[in-house]
**Student:** 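Take a look at this one; I'll ask things after.
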Amino acid sequence: MAQSPITTRCDDFAAWYQDVVLQGDLAEPAEIVKGCMVIKPNGYAIWELLQHELDTRFKATGHKNMYFPLLIPESFLKKEAEHVEGFSPELAVVTIAGGKKLEEPYVIRPTSETIIGHFFAKWIQSWRDLPMLVNQWANVIRWELRTRMFLRTTEFLWQEGHTAHATHEEANEVVLRMLDVYADVAENVMAMPVIKGMKTQSEKFAGALRSYSIEAMMQNGLALQAGTSHDLGQNFGKAFDVQFQSKEGQLEYVWQTSWGVSTRLIGGLIMTHSDDKGLVLPPKLAPIKAVLVPIYRKDEEKAAVLEAAHRIAKEIGAKVDDRDGQSPGAKFFHWERRGVPVVLELGPRDLASGKIVLKRRDTGTKEPVDQSEVGAKLAAALDDMQKGLYNRAKDRMKANTVLANSLDEVESILKDVSAEKGGGKFVMAHIKDDPACDARLKEFKATVRNIPLVDEYDGPGKCIVTGEPVDRRAVIAKSY
RNA sequence: CGGGGCGUGGCUCAGCCUGGUAGAGCGCCUGGUUCGGGACCAGGAGGUCGGAGGUUCGAAUCCUCCCGCCCCGACCA
């Protein structure tokens, strides 16, 4: 064994995840910086593809990119009461700079509502300045107690959209539009099915009126909050005095939104598609879509094979793995671990027959195809793989979603679920949006993931805690 | 912060109990033979054994203190 083996998913799902990240050479723990990681080229390339998909959509919906300071005056956090309460436990604070104790410490941004609120106040005077639609690609720090690569690290990369509007209705439209954008990227780019829904009051963003999320199901059945979109109401507008004069001449506070997705998406991508052999990537997020491995024995074979390999690879946009001193077998394992969707094999036999062998990462199937058709076959395989991965994930989510009509039932389904052992389910149950109800679920470490925007079940029912009428079932699960 | 574990070449670890010239596998370098699912041979580079103190003729090994890291629990995109 040239490489240490990958722990199987059923042995220990959490260990499997670590192994896939490491063996896929996506990232490694920073070690010297607690809770942080180094994102390596293979991992960063995926992030760049995701960024591109998202950024294109942000711009198409009218947003412009900006950049705000990493450091925020500590007092800013305190201007919105719920916000400071929610974030203060996980803040990193700069108290000394330039060798001197600062008069007022700076916090390293955990999110930028406050500093952006400050600047919005400066830039917005009239209804003509609205809507203000900005996005920032940035890093943030949240001092988490327990970290896992990509899923939760002390420092992480994300984008945060921030908008200001004249009316609550308009702000709400943006909140839901961006949630749709996230769902679109999750499902059509990442091939990761999600449930769009509303967070409960106790799970909402600190300082928001309402939070919405997309929730995905990982292979161990745990939920992953993959993106959030918040209706901030006028909370930050009032805290930062962001006022504008309306058409009617009235001075009014703006209605704001914020929404974000992070490098956590990469963790979701891994836990949705990868297998016991390593990383599996949907073609749309594969930095390298196809690798051609040339096979030869003698020097005269080598020359002919390499010539053909480079010619074919150039036509179809594949990478040729012409490294010397590595056997073909070693190369197959190498690319398999890295999740390359298609590996092509070209050897003397193929040269003689005019064929080339096409192997898919998702199904493991090998098929000899005519060299003249390989471009079309590759495109078809990638397309089929993108759809196949989505369908497989969708089926899995359906198979692991169950209905429950009592708290006991929910508890018995979820109580023994863990990230390591798996067995997680999405339990659909009627439950009131009330912190007291959330608290009951917390007793066995489950949470309401969200209340789906679209009710795919049986409509109204009685709350499993209070017995009060509730208009639809919510998703209850254990989560990352 | 509570509970558990671990610090020895780049990586994974053995050696410690019972003190006596620092090892293995993988990786790396050089040369050659190989190559359709992790090739082989030969030669080679690389370690103040987490730190400090102590016991001893002699410490990776025994004793004391310190430091760091990982896992489990309480917080979270």
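Computed from heavy atoms alone, side chains included, the values below leave out hydrogens, waters and symmetry copies. Order of the sequence lines fixes the chain letters, A, B, ..., with proteins taken first and strands second; residue numbering starts at 1 for each chain.
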**Student:** Take atom C1' in B:rG51 and the same atom in B:rC75, then report the distance between them in whole Å.
**Tutor:** 33 Å
**Student:** For nucleotides B:rG2 and B:rC66, find the distance between their P atoms and express it as a whole number of Å.
**Tutor:** 14 Å
**Student:** Quick one: label A:Val357 by what it contacts on the DNA or RNA (base, sugar-phosphate, nothing), any heavy atom closer than 4.0 Å.
**Tutor:**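 Contact class for A:Val357: base.
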**Student:** Would you indicate what A:Leu224 reaches in the nucleic acid, counting non-hydrogen atoms under 4.0 angstrom: base, sugar-phosphate, or nothing?
**Tutor:** nothing
**Student:** Is A:Glu345 paired with A:Lys366 through a side-chain N to carboxylate O contact shorter than 4.0 Å?
**Tutor:**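 A salt bridge is present here (some side-chain N lies under 4.0 Å from a carboxylate O).
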**Student:** Give a yes/no answer on whether the side chain of A:Arg146 brings an N or O atom under 4.0 Å of OP1 or OP2 in B:rC75.
**Tutor:** no
**Student:** Do any N or O atoms from the side chain of A:Asp350 and from the backbone of A:Gly347 form a donor-acceptor pair under 3.5 angstrom?
**Tutor:** yes
**Student:** With heavy atoms under 4.0 Å as the rule, sort A:Gly347 into base, sugar-phosphate or nothing.
**Tutor:** base
**Student:** Dump every N/O contact between nucleotides 4-10 of chain B and the protein below 3.5 Å, one line per pair.
**Tutor:**
none

**Student:** Step by step, work out the side chain to side chain donor-acceptor pair (under 3.5 Å) result for A:Gln136 and A:Ser112.
**Tutor:** CA-CA 9 Å; A:Gln136 157 166 272; A:Ser112 302; 3.3 Å; yes
**Student:** Could you write out RNA chain B as a dot-bracket string, with dots for unpaired bases, | for bases paired across to another strand, and Watson-Crick or G-U pairs counted at under 3.5 Å?
**Tutor:** ((((((((.[[[[.)....(..]]]].((((((.....)))))).....[[[[[..)....]]]]])))))))....
**Student:** Checking all strands, does A:Thr153 fall into the base, sugar-phosphate, or nothing category for heavy-atom contacts under 4.0 angstrom?
**Tutor:** base
**Student:** Are the aromatic rings of A:His162 and A:Phe120 close, with centres under 6.0 Å apart?
**Tutor:**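 Here the rings of A:Phe120 and A:His162 have centres that are no less than 6.0 Å from each other.
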**Student:** Taking the six-membered ring of A:Trp158 as reference, does the cationic atom of A:Arg142 (NZ for Lys, CZ for Arg) lie under 6.0 Å from its centre and within 45° of its axis?
**Tutor:** yes
**Student:** Are any of the side-chain heavy atoms of A:Lys196 and A:Ile214 separated by less than 4.5 Å?
**Tutor:**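 Yes; the side chains approach each other to less than 4.5 Å.
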**Student:** Please measure how far the P atom in B:rC70 lies from the corresponding atom in B:rA24, and state the result in whole Å.
**Tutor:**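 The same atom, P, in both gives a distance of 30 Å.
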**Student:** Any side-chain donor paired with an acceptor under 3.5 Å for A:Thr111 and A:Arg109?
**Tutor:**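 Judged by distance alone, the side chains do not pair up.
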**Student:** Going by heavy atoms closer than 4.0 Å, what residues in residues 298-309 of chain A are next to RNA chain B?
**Tutor:**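 Heavy-atom cutoff 4.0 Å gives no residues at all.
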**Student:** Measuring from the side chain of A:Arg142 (C-beta onward, heavy atoms only), which nucleotide among B:rA74, B:rA77, B:rG36 has the closest atom?
**Tutor:** B:rA77
**Student:** If the C1' atom of B:rC63 is compared with that of B:rU55, how far apart are they to the nearest Å?
**Tutor:** 7 Å
**Student:** Side-chain donor or acceptor of A:Ser262 under 3.5 Å from a matching atom on the base of B:rA77?
**Tutor:** yes
**Student:** Check the angle between the aromatic planes of A:His118 and A:Phe76 and answer parallel, tilted or perpendicular using the 30° and 60° thresholds.
**Tutor:** tilted
**Student:** Would one find a side-chain N or O of A:Arg297 under 4.0 angstrom from OP1 or OP2 of B:rC35?
**Tutor:**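 For B:rC35, OP1 or OP2 has a side-chain N or O of A:Arg297 closer than 4.0 Å.
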**Student:** Answer yes or no: is there an ion pair linking A:Asp275 with A:Lys277, defined by an N-O contact shorter than 4.0 Å?
**Tutor:** no
**Student:** Using the C1' atom on both, measure B:rG47 against B:rU30 and round to a whole Å.
**Tutor:**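 One C1' to the other, the span is 22 Å.
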**Student:** From the list B:rA39, B:rG73, B:rC35, which nucleotide is the closest neighbour of the side chain of A:Lys445?
**Tutor:** B:rG73
**Student:** Between atom CZ in A:Arg349 and atom P in B:rC35, what is the gap in whole Å?
**Tutor:**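 One finds 13 Å between P of B:rC35 and CZ of A:Arg349, rounded.
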**Student:** Taking atom C1' in both B:rC13 and B:rG7, what distance in whole Å separates the two?
**Tutor:** 12 Å
**Student:** With heavy atoms under 4.0 Å as the rule, sort A:Lys442 into base, sugar-phosphate or nothing.
**Tutor:** sugar-phosphate
**Student:** Report yes if the distance between the aromatic ring centroids of A:Phe240 and A:Phe119 is under 6.0 Å, otherwise no.
**Tutor:**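 A:Phe240 vs A:Phe119: aromatic centres not under 6.0 Å.
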**Student:** What nucleic acid atoms does A:Gln159 come within less than 4.0 Å of, heavy atoms only: base, sugar-phosphate, or nothing?
**Tutor:** nothing
**Student:** When the P atoms of B:rG54 and B:rC41 are considered, how many whole Å apart are they?
**Tutor:** 49 Å
**Student:** Mind calculating the distance between CG (A:Leu22) and P (B:rC70) to the nearest angstrom?
**Tutor:**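 Distance check: A:Leu22 CG to B:rC70 P gives 13 Å.
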**Student:** Pick base, sugar-phosphate or nothing for A:Gln225, based on heavy-atom distances below 4.0 Å to the nucleic acid.
**Tutor:** sugar-phosphate
**Student:** Counting distance only, does the side-chain N/O of A:His63 pair as donor-acceptor with the main-chain N or O of A:Phe58 below 3.5 Å?
**Tutor:** yes
**Student:** Nearest nucleotide by nearest heavy atom, which residue falls closer to the 5' end of RNA chain B, A:His334 or A:Pro328?
**Tutor:**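 It is A:Pro328, whose closest nucleotide lies nearer the 5' terminus.
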**Student:** What's the closest nucleotide to the side chain of A:Glu420 if the choices are B:rC72, B:rA77, B:rA39?
**Tutor:**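 Nearest listed nucleotide: B:rC72.
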**Student:** Can you tell me if A:Glu85 has over 12 outside heavy atoms packed within less than 6.0 Å of its CD?
**Tutor:**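 No.
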**Student:** Please state the P separation for the pair B:rG27 and B:rU64 - nearest whole angstrom.
**Tutor:**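 Between the two P atoms, the distance is 41 Å.
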**Student:** Does atom NZ of A:Lys319 have more than 12 heavy-atom neighbours, drawn from other residues, nucleotides or ligands, at distances under 6.0 Å?
**Tutor:**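 No - once you tally the heavy atoms of other residues, nucleotides and ligands closer than 6.0 Å, there are 12 at most.
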**Student:** Is A:Phe156 stacked against the base of B:rA77, taking the criterion as centroid distance under 5.5 angstrom and interplanar angle under 30°?
**Tutor:**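 Stacking between A:Phe156 and B:rA77: present.
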**Student:** Reckon A:Pro348 touches a base, only the sugar-phosphate, or nothing at all at heavy-atom distances under 4.0 Å?
**Tutor:**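 A:Pro348: base contact, heavy atoms under 4.0 Å.
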